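Just so we're on the same page: letters track the sequence lines, and every chain starts at 1. Every value quoted in this text rests on a predicted model; they were computed, and no experiment measured them.
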Amino acid sequence: MSYSTFNQEQTNPLTEPMFLGNSVNVARYDQQKHSIFEKLIEKQISFFWRPEEIDVSRDRVDFNKLTDSEKHVFISNLKYQTLLDSIQGRSPNIALLPIVSIPELETWIETWSFFETIHSRSYTHILRNLFTDPSEVFEDIVINEQIKIRANDISQYYDDLIFYTQLWQTHGEGEVTVDGETYNVTQREIKKKLFLCINSVNALEAIRFYVSFACTFAFAERELMEGNAKIIKLIARDENVHLTSTQHILNLWQYGEDDPEMKEIAEELRDEAYEIFMTAVKQEKQWAHYLFKDGSMIGLNESMLCQYVEYIANLRMQAIGFDAPFENMRSNPLPWMNKYLVSDNVQVAPQEAEITSYLVGQIDSEVNASDLGDFDL
Amino acid sequence: MTKTFKVKVNGGPELAVDATEGTLLEALEKHQLEMHYHCRSGFCGACRTKLNSGQVRYTTEPLAYVRKGDILPCCCVPESDLDIEH
Ligand code: FES
Ligand SMILES: [Fe+2]
Ligand SMILES: [Fe+2]
């Protein structure tokens with residue numbers, strides 16, 4: 001069962017399940033079992049952006065004008081997002097690549113994780129601009145209790161899957177004793193861990209960012225910290241693509257369009273999947289409470305944020321086949337959020353020179369010889 | 001040339017929607033309905049809507065998972081009269 005970087009067996013990726021079939025060999029995309037992942041790769045790459053091209057210098061002036069409680073909101077959110085993207089920049093690769101069985105999904109996972117690293121780099125870009133030495137902010141991420149609770153809840157599902165996969169790769173199926181503890185390693189057990197892990201990641205991509213997104217955009221509504229808001233807008237657009245991918249994986253399983261055993265597991269663990277999501281909802285509400293412990297900010301308070309979490313949770317739960325858990329939160333309590341989440345809006349404003357600069361390459365490549373006809377060299 | 005269909009939302013009155021004028025989402029917004037959306041281009045799934053009856057045509061290929069009986073109004077237009085739940 002040990003992993004080979006190039007499986008020499010002749011396999012047919014068109015009949016492989018997404019995960020835990022034969023491991024991948026030729027990275028080919030001319031034929032695809034689930035072409036959606038290739039389309040998501042294209043979409044995601046078309047969204048490429050670089051943090052350094054977004055001017056955040058004015059934010060420093062704005063930041064100094066914020067009240068202490070607003071500063072707390074702003075910095076805490078950045079810390080939490082830094083945590084989330086630190087996890088996402090590596091974990092899909094480490095946990096999912098060893099067990100993926102179709103090349104288009106393998107490449108999607110790599111693309112997805114790579115974009116999370118862009119997000120991580122953008123937080124450094126933002127913080128460097130605000131503080132001469134941002135170390136204190138970064139160092140707090142592994143000490144801050146509120147963040148630790150969340151870190152633990154997210155990483156445990158990844159870690160569990162990674163550990164069982166490692167046991168399976170080194171010992172095969174059966175009982176394995178490590179440090180006095182015995183683990184029963186079966187492929188079905190790994191599939192269960194995988195199912196729970198994808199549900200936890202799905203909840204992360206679905207709602208875990210939205211409390212902090214809402215704060216960022218509430219500042220932007222007051223024309224504060226707008227450089228930061230531009231970056232978060234781009235991040236939000238990427239997160240929506242990531243979310244679509246985890247929703248696809250969960251739905252392909254549960255509607256029997258992939259591995260029949262995963263369909264069984266999806267039914268068997270449906271309640272646990274529901275709980276994972278609801279725990280994330282609860283934690284996000286607690287996060288809103290933590291953010292506003294010293295006071296609200298103009299345009300936003302704890303209860304509005306909690307309502308927004310419920311509103312988003314309804315949409316996200318329905319997308320993976322659950323009923324909306326918050327029946328009385330069907331209408332959007334923060335309608336202004338939408339204008340920041342629209343994808344076409346991202347490149348429109350003419351003053352966003354940093355963003356339109358992405359078009360430069362495109363225009364250059366369209367200049368052909370006849371355009372240069374009048375030039376005498 | 002206009003192509004007008006009747007669209008019923010959440011059991012409400014029938015609304016006239018011209019399929020040649022923008023997406024179903026835009027049309028329903030013009031009728032002052034509060035619509036759910038984020039990306040408005042078919043990849044996030046936030047506009048997901050239940051189609052009770054009728055047919056739509058996608059003007060952009062949706063990338064969000066569209067479950068049986070659902071439609072994404074941000075990237076489709078009606079092809080017949082519709083009855084939807086949003
Ligand atoms: S608004 Fe994103 S898919 Fe329709
Ligand atoms: Fe991210
Ligand atoms: Fe993400």
Side-chain angles (χ1 to χ4, degrees), chain A residues 34-44 46-47 108 202 205-206 210 213 233 236-257 311-312 314-322 324 329-333 335 337-346, chain B residues 7-13 15 20-54 56-77 82-86:
Chain A
H34 295 301
S35 59
I36 182 63
F37 296 112
E38 168 73 5
K39 290 172 190 157
L40 291 177
I41 294 166
E42 275 172 28
K43 188 65 155 186
Q44 178 67 92
S46 79
F47 287 164
W108 162 249
N202 180 67
E205 301 281 3
Y210 282 79
F213 287 170
K233 223 156 59 160
R237 182 177 67 169
D238 293 341
E239 299 307 350
N240 259 331
V241 184
H242 307 166
L243 172 64
T244 282
S245 82
T246 55
Q247 289 174 344
H248 268 282
I249 294 172
L250 293 173
N251 285 331
L252 288 169
W253 281 336
Q254 72 170 328
Y255 297 122
E257 294 171 59
Y311 167 74
I312 292 281
N314 280 344
L315 299 181
R316 306 317 201 195
M317 295 289 267
Q318 287 176 304
I320 52 168
F322 288 108
M329 200 41 67
R330 293 306 197 121
S331 101
N332 185 354
M337 279 290 282
N338 282 5
K339 72 172 182 260
Y340 299 93
L341 298 170
V342 170
S343 149
D344 352 347
N345 255 357
V346 172
Chain B
V7 180
K8 202 175 182 147
V9 187
N10 301 336
L15 306 171
T20 60
E21 285 212 343
T23 64
L24 179 57
L25 180 79
E26 287 163 352
L28 296 175
E29 281 174 341
K30 276 188 209 141
H31 283 290
Q32 312 300 324
L33 294 187
E34 189 204 326
M35 301 296 291
H36 308 292
Y37 67 86
H38 286 167
C39 74
R40 295 180 84 91
S41 48
F43 67 83
C44 78
C47 64
R48 191 172 277 107
T49 297
K50 205 167 147 210
L51 179 66
N52 291 331
S53 69
V56 298
R57 181 172 56 83
Y58 284 98
T59 47
T60 309
E61 188 193 4
L63 295 187
Y65 191 96
V66 187
R67 287 176 305 145
K68 254 208 195 81
D70 282 350
I71 55 166
L72 299 177
C74 74
C75 53
C76 73
V77 292
L82 306 176
D83 183 327
I84 59 175
E85 275 168 56
H86 181 78

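With a 4.5 angstrom heavy-atom cutoff, A/Arg330 touches chain B only via backbone atoms. In this structure, chain B has heavy atoms under 4.5 Å from both the backbone and the side chain of A/Leu252. For A/Lys43, the part lying near chain B is the side chain, with the backbone staying farther off; criterion is any non-hydrogen pair under 4.5 Å. For A/Glu257, the part sitting under 4.5 Å from any heavy atom of chain B is the side chain, from C-beta outward, and nothing else.
Between the side chain of A/Ser343 and the main chain of B/Ser41, no donor-acceptor pair closer than 3.5 Å is present.
Residues from residues 56-63 of chain B that place a non-hydrogen atom less than 4.5 Å from a non-hydrogen atom of chain A comprise B/Glu61, B/Leu63, given in numerical order. Listed in order of number, the residues of residues 64-72 of chain B that approach chain A to under 4.5 Å between heavy atoms are B/Ala64, B/Tyr65, B/Arg67.
Between B/Met35 and A/Asn338 there is no side-chain heavy-atom pair separated by less than 4.5 Å. Under the 4.5 Å side-chain criterion, counting only non-hydrogen atoms from C-beta, B/His38 is not in contact with A/Val342.
No more than 12 heavy atoms of other residues, nucleotides or ligands sit less than 6.0 Å from atom NZ of B/Lys50.
Among residues two or more places apart in sequence or in another chain, the side-chain hydrogen bond (donor to acceptor under 3.5 Å, both in side chains) test is passed with B/Thr23 by none. The side-chain hydrogen bond (donor to acceptor under 3.5 Å, both in side chains) check on A/Gln318 picks up nothing, with sequence neighbours excluded.
If you take CD on A/Gln247 and SG on B/Cys44, they are separated by 8.5 Å, rounding to the nearest 0.5 Å. If you take OH on B/Tyr37 and CG on A/Leu315, they are separated by 12.5 Å, rounding to the nearest 0.5 Å.
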